[in-house]
Visitor: 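Below is one structure. I have some questions about it.
Note: hydrogens, waters and symmetry copies are ignored here, and every other heavy atom, side chains too, is used. From a predicted model like this one, the values you see are computed outputs, not experimental measurements.
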Amino acid sequence: KRKSNFIVLVEYIGGIHADYKAPIFAKEPKIDRQNFYILWKNVKAKLPHHDLLMLNDQPEKIGDLINPFVKYLRVKLKTTASHHNIEGDWNNFYNEKLKKRIRLDSKRCIRNLEKIGKLKFKVSKKITESVEIIEKMIQQKRKRYKETGLSDLLSQSENRDFYLSLPYVENSSINFHFSSLSINKIIIATHVGFIFNNCFYYLMPANEFGDWKKFSPGRLLLEKLFEQSFMEKNDVFDFTVGGESYKQYWCNQTIGIYNYNKAATIKGHLYSLIEIFKRKFIYTEFNINFIRKIRKYIHGLLKKNIEKF
(Lines give C-alpha, C1' and ligand atoms only; values in the text may rest on other atoms or scores of the structure.)
Protein backbone atom coordinates (compact mmCIF):
# COMPACT_ATOMS: atom_id res chain seq x y z
CA LYS A 1 0.00 0.00 0.00
CA ARG A 2 1.32 3.43 -0.93
CA LYS A 3 0.06 6.90 -1.66
CA SER A 4 0.63 8.44 -5.08
CA ASN A 5 -0.38 12.09 -5.33
CA PHE A 6 -4.04 12.10 -4.29
CA ILE A 7 -4.86 8.38 -4.32
CA VAL A 8 -4.05 5.24 -2.34
CA LEU A 9 -2.69 2.28 -4.31
CA VAL A 10 -2.41 -1.38 -3.35
CA GLU A 11 0.23 -3.12 -5.41
CA TYR A 12 2.92 -5.78 -5.37
CA ILE A 13 6.18 -5.01 -3.59
CA GLY A 14 9.29 -4.46 -5.69
CA GLY A 15 8.64 -1.10 -7.32
CA ILE A 16 10.88 -0.21 -10.26
CA HIS A 17 13.46 -2.82 -9.22
CA ALA A 18 11.21 -5.82 -9.91
CA ASP A 19 10.66 -6.87 -13.53
CA TYR A 20 8.37 -9.70 -12.45
CA LYS A 21 5.66 -9.35 -9.81
CA ALA A 22 3.44 -12.28 -8.91
CA PRO A 23 1.65 -14.04 -6.06
CA ILE A 24 3.39 -16.73 -4.04
CA PHE A 25 1.88 -20.21 -4.27
CA ALA A 26 2.58 -23.53 -2.60
CA LYS A 27 4.39 -26.13 -4.68
CA GLU A 28 2.14 -27.80 -7.25
CA PRO A 29 -1.00 -25.86 -6.31
CA LYS A 30 -4.32 -27.11 -7.62
CA ILE A 31 -6.16 -23.93 -8.53
CA ASP A 32 -9.14 -24.21 -10.85
CA ARG A 33 -11.47 -21.32 -11.68
CA GLN A 34 -13.86 -21.94 -8.76
CA ASN A 35 -11.11 -22.30 -6.16
CA PHE A 36 -9.35 -19.22 -7.46
CA TYR A 37 -12.44 -17.01 -7.16
CA ILE A 38 -13.05 -18.22 -3.59
CA LEU A 39 -9.42 -17.53 -2.69
CA TRP A 40 -9.42 -14.15 -4.44
CA LYS A 41 -12.62 -13.09 -2.66
CA ASN A 42 -11.00 -13.86 0.71
CA VAL A 43 -7.84 -11.96 -0.24
CA LYS A 44 -9.77 -8.86 -1.35
CA ALA A 45 -11.70 -8.83 1.93
CA LYS A 46 -8.42 -8.48 3.82
CA LEU A 47 -6.96 -5.67 1.68
CA PRO A 48 -6.57 -2.24 3.32
CA HIS A 49 -8.66 0.71 2.14
CA HIS A 50 -7.54 1.86 -1.31
CA ASP A 51 -8.60 3.76 -4.41
CA LEU A 52 -6.97 1.47 -6.95
CA LEU A 53 -5.75 -2.12 -6.89
CA MET A 54 -2.83 -2.14 -9.31
CA LEU A 55 -1.27 -5.57 -9.83
CA ASN A 56 1.14 -4.85 -12.68
CA ASP A 57 4.04 -6.67 -14.36
CA GLN A 58 2.60 -10.16 -13.87
CA PRO A 59 4.22 -12.93 -15.90
CA GLU A 60 2.02 -15.29 -17.87
CA LYS A 61 3.71 -18.23 -16.16
CA ILE A 62 5.29 -18.72 -12.73
CA GLY A 63 7.76 -21.52 -13.38
CA ASP A 64 5.65 -24.20 -15.06
CA LEU A 65 2.41 -22.89 -13.54
CA ILE A 66 0.05 -20.73 -15.57
CA ASN A 67 -0.44 -17.62 -13.44
CA PRO A 68 -4.08 -17.84 -12.26
CA PHE A 69 -4.24 -14.04 -11.92
CA VAL A 70 -3.57 -13.85 -15.67
CA LYS A 71 -5.77 -16.83 -16.49
CA TYR A 72 -8.89 -15.89 -14.51
CA LEU A 73 -8.85 -12.08 -14.19
CA ARG A 74 -9.40 -9.44 -16.88
CA VAL A 75 -5.78 -8.47 -17.49
CA LYS A 76 -4.17 -6.39 -20.22
CA LEU A 77 -0.96 -7.24 -22.04
CA LYS A 78 1.78 -4.76 -21.16
CA THR A 79 4.89 -6.21 -22.80
CA THR A 80 6.76 -9.50 -23.21
CA ALA A 81 9.65 -11.29 -21.50
CA SER A 82 12.12 -13.57 -23.23
CA HIS A 83 14.40 -16.34 -22.06
CA HIS A 84 16.46 -19.26 -23.31
CA ASN A 85 15.79 -22.76 -22.04
CA ILE A 86 19.31 -24.17 -21.93
CA GLU A 87 19.76 -27.55 -23.60
CA GLY A 88 22.82 -29.29 -24.98
CA ASP A 89 26.27 -27.69 -24.90
CA TRP A 90 27.59 -24.23 -25.61
CA ASN A 91 29.53 -25.14 -28.76
CA ASN A 92 26.43 -26.62 -30.36
CA PHE A 93 24.35 -23.55 -29.60
CA TYR A 94 27.07 -21.12 -30.65
CA ASN A 95 27.97 -22.84 -33.93
CA GLU A 96 24.58 -24.20 -34.98
CA LYS A 97 21.92 -21.87 -33.58
CA LEU A 98 23.49 -18.43 -33.18
CA LYS A 99 23.47 -16.50 -36.47
CA LYS A 100 26.71 -16.64 -38.44
CA ARG A 101 26.93 -12.87 -38.90
CA ILE A 102 26.83 -12.39 -35.10
CA ARG A 103 29.60 -14.95 -34.57
CA LEU A 104 31.80 -13.41 -37.26
CA ASP A 105 31.23 -9.87 -36.01
CA SER A 106 32.07 -10.89 -32.43
CA LYS A 107 35.30 -12.53 -33.55
CA ARG A 108 36.19 -9.38 -35.52
CA CYS A 109 35.53 -7.21 -32.46
CA ILE A 110 37.64 -9.44 -30.24
CA ARG A 111 40.55 -9.38 -32.73
CA ASN A 112 40.45 -5.59 -32.92
CA LEU A 113 40.24 -5.21 -29.14
CA GLU A 114 43.19 -7.55 -28.64
CA LYS A 115 45.23 -5.28 -30.91
CA ILE A 116 44.67 -2.54 -28.33
CA GLY A 117 45.53 -4.61 -25.27
CA LYS A 118 44.56 -7.45 -22.98
CA LEU A 119 40.85 -8.32 -23.02
CA LYS A 120 39.57 -9.73 -19.73
CA PHE A 121 36.24 -11.18 -18.61
CA LYS A 122 35.82 -11.14 -14.83
CA VAL A 123 33.19 -12.38 -12.40
CA SER A 124 33.78 -10.70 -9.05
CA LYS A 125 34.71 -12.82 -6.05
CA LYS A 126 35.25 -10.00 -3.57
CA ILE A 127 32.94 -7.31 -2.22
CA THR A 128 35.36 -4.57 -3.33
CA GLU A 129 35.31 -5.90 -6.90
CA SER A 130 31.51 -6.14 -6.85
CA VAL A 131 31.14 -2.54 -5.65
CA GLU A 132 33.53 -1.35 -8.38
CA ILE A 133 31.47 -3.11 -11.05
CA ILE A 134 28.19 -1.73 -9.69
CA GLU A 135 29.56 1.81 -9.55
CA LYS A 136 30.72 1.48 -13.15
CA MET A 137 27.37 0.03 -14.22
CA ILE A 138 25.57 2.99 -12.65
CA GLN A 139 27.92 5.43 -14.38
CA GLN A 140 27.43 3.74 -17.77
CA LYS A 141 23.66 3.51 -17.36
CA ARG A 142 23.28 7.15 -16.37
CA LYS A 143 25.41 8.30 -19.27
CA ARG A 144 23.29 6.24 -21.65
CA TYR A 145 20.03 7.53 -20.13
CA LYS A 146 21.24 11.07 -20.81
CA GLU A 147 22.28 10.33 -24.39
CA THR A 148 19.03 8.58 -25.31
CA GLY A 149 16.65 10.86 -23.44
CA LEU A 150 15.34 8.11 -21.20
CA SER A 151 14.26 8.85 -17.64
CA ASP A 152 17.26 8.47 -15.33
CA LEU A 153 16.01 6.08 -12.65
CA LEU A 154 19.47 6.05 -11.08
CA SER A 155 19.46 9.79 -10.44
CA GLN A 156 17.79 9.07 -7.10
CA SER A 157 20.25 8.09 -4.37
CA GLU A 158 17.93 5.42 -2.93
CA ASN A 159 17.95 3.58 -6.27
CA ARG A 160 21.73 3.74 -6.52
CA ASP A 161 22.04 2.58 -2.91
CA PHE A 162 19.78 -0.39 -3.64
CA TYR A 163 22.30 -1.80 -6.14
CA LEU A 164 25.34 -0.81 -4.10
CA SER A 165 23.95 -2.78 -1.14
CA LEU A 166 23.63 -6.07 -3.06
CA PRO A 167 27.19 -7.36 -2.40
CA TYR A 168 26.46 -7.23 1.34
CA VAL A 169 23.23 -9.25 1.17
CA GLU A 170 23.52 -12.69 2.77
CA ASN A 171 21.04 -15.13 1.23
CA SER A 172 21.96 -18.74 0.59
CA SER A 173 19.25 -19.23 -2.04
CA ILE A 174 20.30 -16.30 -4.26
CA ASN A 175 23.70 -15.98 -5.87
CA PHE A 176 24.28 -12.36 -6.86
CA HIS A 177 26.40 -12.09 -9.99
CA PHE A 178 28.62 -9.12 -10.87
CA SER A 179 30.70 -9.26 -14.02
CA SER A 180 32.72 -7.04 -16.33
CA LEU A 181 34.65 -6.94 -19.59
CA SER A 182 37.78 -4.81 -19.59
CA ILE A 183 40.61 -3.85 -21.91
CA ASN A 184 43.90 -2.79 -20.34
CA LYS A 185 42.02 -2.52 -17.02
CA ILE A 186 39.47 -0.12 -18.56
CA ILE A 187 35.98 -1.51 -17.88
CA ILE A 188 34.02 -1.30 -21.14
CA ALA A 189 30.99 -3.44 -20.20
CA THR A 190 29.29 -4.47 -16.96
CA HIS A 191 26.43 -6.62 -15.75
CA VAL A 192 24.60 -6.92 -12.43
CA GLY A 193 22.24 -9.88 -12.02
CA PHE A 194 21.70 -13.02 -10.00
CA ILE A 195 21.14 -16.78 -10.15
CA PHE A 196 18.10 -18.27 -8.44
CA ASN A 197 16.68 -21.80 -8.79
CA ASN A 198 19.24 -22.51 -11.51
CA CYS A 199 18.04 -19.56 -13.58
CA PHE A 200 20.43 -16.78 -14.59
CA TYR A 201 18.68 -13.39 -14.54
CA TYR A 202 20.17 -10.89 -17.00
CA LEU A 203 19.09 -7.70 -15.23
CA MET A 204 21.31 -4.64 -15.50
CA PRO A 205 23.72 -4.73 -18.45
CA ALA A 206 25.60 -1.57 -19.37
CA ASN A 207 28.54 -0.62 -21.55
CA GLU A 208 30.63 2.20 -22.91
CA PHE A 209 29.64 3.88 -26.17
CA GLY A 210 31.51 6.55 -28.11
CA ASP A 211 34.76 5.15 -29.49
CA TRP A 212 34.02 1.75 -27.90
CA LYS A 213 30.65 1.25 -29.62
CA LYS A 214 32.20 -0.27 -32.77
CA PHE A 215 33.56 -3.13 -30.63
CA SER A 216 30.08 -4.14 -29.34
CA PRO A 217 31.34 -4.60 -25.74
CA GLY A 218 27.84 -5.25 -24.37
CA ARG A 219 27.27 -8.17 -26.74
CA LEU A 220 30.73 -9.60 -26.05
CA LEU A 221 29.99 -9.65 -22.33
CA LEU A 222 26.58 -11.21 -23.00
CA GLU A 223 28.26 -14.00 -24.97
CA LYS A 224 30.58 -14.70 -22.04
CA LEU A 225 27.66 -14.83 -19.59
CA PHE A 226 25.69 -17.07 -21.94
CA GLU A 227 28.65 -19.43 -22.30
CA GLN A 228 29.13 -19.50 -18.54
CA SER A 229 25.47 -20.42 -18.02
CA PHE A 230 25.89 -23.39 -20.36
CA MET A 231 29.10 -24.46 -18.62
CA GLU A 232 27.54 -24.18 -15.15
CA LYS A 233 24.49 -26.19 -16.25
CA ASN A 234 21.91 -23.51 -15.55
CA ASP A 235 18.42 -24.41 -16.76
CA VAL A 236 17.40 -20.97 -18.01
CA PHE A 237 18.98 -17.70 -19.11
CA ASP A 238 16.30 -15.06 -18.48
CA PHE A 239 16.46 -11.71 -20.29
CA THR A 240 13.40 -10.55 -18.29
CA VAL A 241 11.00 -7.93 -19.65
CA GLY A 242 11.19 -5.96 -22.88
CA GLY A 243 10.80 -6.70 -26.56
CA GLU A 244 14.24 -5.53 -27.71
CA SER A 245 15.05 -6.93 -31.15
CA TYR A 246 18.44 -8.40 -30.21
CA LYS A 247 16.78 -10.92 -27.88
CA GLN A 248 15.33 -12.89 -30.81
CA TYR A 249 18.82 -14.20 -31.62
CA TRP A 250 19.39 -15.55 -28.11
CA CYS A 251 15.98 -16.68 -26.85
CA ASN A 252 13.79 -19.65 -27.61
CA GLN A 253 10.71 -18.71 -25.57
CA THR A 254 8.66 -15.57 -24.98
CA ILE A 255 5.87 -15.01 -22.46
CA GLY A 256 3.41 -12.16 -21.92
CA ILE A 257 3.61 -9.66 -19.06
CA TYR A 258 0.20 -8.42 -17.89
CA ASN A 259 -1.38 -5.65 -15.80
CA TYR A 260 -4.50 -5.94 -13.66
CA ASN A 261 -6.10 -2.70 -12.45
CA LYS A 262 -9.34 -2.52 -10.45
CA ALA A 263 -10.64 0.81 -9.18
CA ALA A 264 -12.48 0.93 -5.84
CA THR A 265 -13.37 4.64 -5.86
CA ILE A 266 -14.04 7.43 -8.38
CA LYS A 267 -10.53 8.74 -7.77
CA GLY A 268 -9.19 5.30 -8.63
CA HIS A 269 -11.20 5.24 -11.88
CA LEU A 270 -9.85 8.66 -12.89
CA TYR A 271 -6.27 7.68 -12.14
CA SER A 272 -6.68 4.43 -14.09
CA LEU A 273 -8.13 6.29 -17.10
CA ILE A 274 -5.23 8.78 -17.06
CA GLU A 275 -2.70 5.92 -17.00
CA ILE A 276 -4.47 4.18 -19.93
CA PHE A 277 -4.47 7.45 -21.90
CA LYS A 278 -0.75 7.97 -21.29
CA ARG A 279 0.10 4.42 -22.38
CA LYS A 280 -2.02 4.60 -25.55
CA PHE A 281 -1.33 8.13 -26.74
CA ILE A 282 1.74 9.53 -25.01
CA TYR A 283 4.10 6.74 -23.99
CA THR A 284 3.84 4.93 -27.33
CA GLU A 285 6.93 3.39 -28.88
CA PHE A 286 6.76 5.91 -31.75
CA ASN A 287 6.57 8.93 -29.43
CA ILE A 288 9.32 7.66 -27.15
CA ASN A 289 11.66 6.98 -30.10
CA PHE A 290 10.84 10.40 -31.58
CA ILE A 291 11.65 12.16 -28.28
CA ARG A 292 14.89 10.17 -27.99
CA LYS A 293 15.97 11.26 -31.49
CA ILE A 294 15.17 14.92 -30.77
CA ARG A 295 17.07 14.85 -27.46
CA LYS A 296 19.99 13.05 -29.09
CA TYR A 297 20.08 15.62 -31.90
CA ILE A 298 20.04 18.53 -29.44
CA HIS A 299 22.71 16.85 -27.30
CA GLY A 300 24.89 16.43 -30.42
CA LEU A 301 24.49 20.10 -31.39
CA LEU A 302 25.38 21.28 -27.90
CA LYS A 303 28.42 19.03 -27.83
CA LYS A 304 29.67 20.35 -31.18
CA ASN A 305 29.18 23.97 -30.08
CA ILE A 306 31.03 23.35 -26.81
CA GLU A 307 33.93 21.74 -28.72
CA LYS A 308 34.14 24.78 -31.01
CA PHE A 309 34.66 27.06 -28.04
Visitor: Under a 4.5 Å cut-off applied to non-hydrogen side-chain atoms, are L55 and Y258 in contact?
Guide: no

Visitor: So does I13 have more than 12 non-hydrogen atoms from other groups sitting under 6.0 Å from CD1?
Guide: no

Visitor: Rounded to the nearest 0.5 Å, what separates atom CG in L270 from atom CD1 in I7?
Guide: 9.5 Å

Visitor: Given the side-chain rings of H83 and F237, with only the six-membered ring counted for Trp, is the space between their centroids under 6.0 Å?
Guide: no

Visitor: May I ask you to say whether R111 pairs ionically with E114, meaning some side-chain N is under 4.0 Å from a carboxylate O?
Guide: no

Visitor: Any donor-acceptor pair under 3.5 Å linking the side chain of N159 with the backbone of S155?
Guide: no

Visitor: Checking R142 side chain against D152 main chain: does a donor-acceptor pair fall under 3.5 Å?
Guide: no

Visitor: Scan R108, R101, K107 and name whichever one has a side chain to side chain donor-acceptor pair (under 3.5 Å) with D105.
Guide: R108

Visitor: Looking at E87, I'd like to know if its CD atom is crowded, meaning that more than 12 non-hydrogen atoms belonging to other residues, nucleotides or ligands lie closer than 6.0 Å.
Guide: no

Visitor: Does atom NZ of K21 have more than 12 heavy-atom neighbours from other groups under 6.0 Å away?
Guide: yes

Visitor: Decide whether N92 and D89 meet the rule of one side-chain donor and one side-chain acceptor closer than 3.5 Å.
Guide: no

Visitor: Using modelled atom types only, decide if a donor and an acceptor are shared between the side chain of R2 and the backbone of L9 within a distance under 3.5 Å.
Guide: no

Visitor: In this structure, are over 12 heavy atoms from other groups packed under 6.0 Å from I16 atom CD1?
Guide: yes

Visitor: Ignoring hydrogens and angles, tell me if any N or O in the side chain of N197 forms a donor-acceptor pair with the backbone of C199 under 3.5 Å.
Guide: no

Visitor: With a cut-off of under 6.0 Å to the ring centre and 45° to the axis, is R144 in cation-pi contact with F209?
Guide: yes

Visitor: Given side chain to side chain contact (heavy atoms under 4.5 Å, CB included), test I102 with R219 step by step and report yes or no.
Guide: CA-CA 9 Å; I102 294 177; R219 190 182 72 226; 3.9 Å; yes

Visitor: Which pairs pass ring pair (Phe, Tyr, Trp, His ring centres under 6.0 Å) with one or both residues in residues 85-121, sequence neighbours excluded?
Guide: H84-F93, W90-F93, W90-Y94, W90-F230, F93-F226, F93-F230

Visitor: Can you tell me if N198 uses its side chain to pair, donor with acceptor, with the backbone of K233 under 3.5 Å?
Guide: yes

Visitor: Do you see a donor-acceptor pair shorter than 3.5 Å between the side chains of N261 and N56?
Guide: yes

Visitor: Tell me if the aromatic rings of W40 and F69 count as close, with their centers under 6.0 Å from one another.
Guide: yes

Visitor: Could you check whether any side-chain heavy atom of K141 comes within less than 4.5 Å of a side-chain heavy atom of M204, counting everything from C-beta outward?
Guide: yes

Visitor: Any chance the side chains of S82 and Q253 put a donor and an acceptor closer than 3.5 Å?
Guide: no

Visitor: Using a 3.5 Å distance criterion without hydrogens, assess whether the side chain of N85 forms a donor-acceptor pair with backbone atoms of D235.
Guide: no

Visitor: Would you say L166 and V192 make side-chain contact, with heavy atoms under 4.5 Å?
Guide: yes

Visitor: When rounded to the nearest 0.5 angstrom, what is the spacing between CG in L222 and OG in S179?
Guide: 10.0 Å

Visitor: Under a plain distance cut-off of 3.5 Å, with no hydrogens placed, do D238 and T240 share a side-chain donor-acceptor pair?
Guide: no

Visitor: Can you give me the closest heavy-atom contact between A22 and I62, atom names plus distance?
Guide: CB-CD1, 3.8 Å

Visitor: Q248 side chain to S245 main-chain N or O, any donor-acceptor pair under 3.5 Å?
Guide: yes

Visitor: Looking only at side chains, do Q58 and Y20 share a donor and an acceptor under 3.5 Å apart?
Guide: no

Visitor: Considering residues, nucleotides and ligands other than D211, do more than 12 of their heavy atoms fall under 6.0 Å from its CG?
Guide: no

Visitor: Check whether any side-chain heavy atom of Y260 sits under 4.5 Å from a side-chain heavy atom of L53, and report yes or no.
Guide: yes

Visitor: Taking atom types as modelled, is there a side-chain donor on E11 or H50 under 3.5 Å from an acceptor on the other?
Guide: no

Visitor: Okay, side chain of N67, backbone of P59: is any donor-acceptor separation there less than 3.5 Å?
Guide: yes

Visitor: Do other residues, nucleotides or ligands put more than 12 heavy atoms under 6.0 Å from K214 NZ?
Guide: no

Visitor: Any side-chain heavy atom of L52 within less than 4.5 Å of one from V10?
Guide: no

Visitor: When you check the side-chain N and O atoms of K136 and Q139, is any donor under 3.5 Å from an acceptor?
Guide: yes

Visitor: Ignoring hydrogens and geometry, is there a side-chain-to-backbone donor-acceptor pair from S272 to G268 under 3.5 Å?
Guide: no

Visitor: When you look at NZ of K247, are more than 12 heavy atoms from neighbouring residues, nucleotides or ligands closer to it than 6.0 Å?
Guide: yes

Visitor: Can you tell me if E60 uses its side chain to pair, donor with acceptor, with the backbone of G256 under 3.5 Å?
Guide: yes

Visitor: Considering the options Y201, Y202, F200, which one meets the ring-ring contact (aromatic ring centres under 6.0 Å, His included) requirement together with F194?
Guide: Y201

Visitor: Applying side chain to side chain contact (heavy atoms under 4.5 Å, CB included) to V123 and F178, what does each step give before you reach the verdict?
Guide: CA-CA 6 Å; V123 177; F178 312 99; over 6 Å; no

Visitor: Would you say CD of Q34 has more than 12 non-hydrogen atoms from neighbouring residues, nucleotides or ligands within 6.0 angstrom?
Guide: no

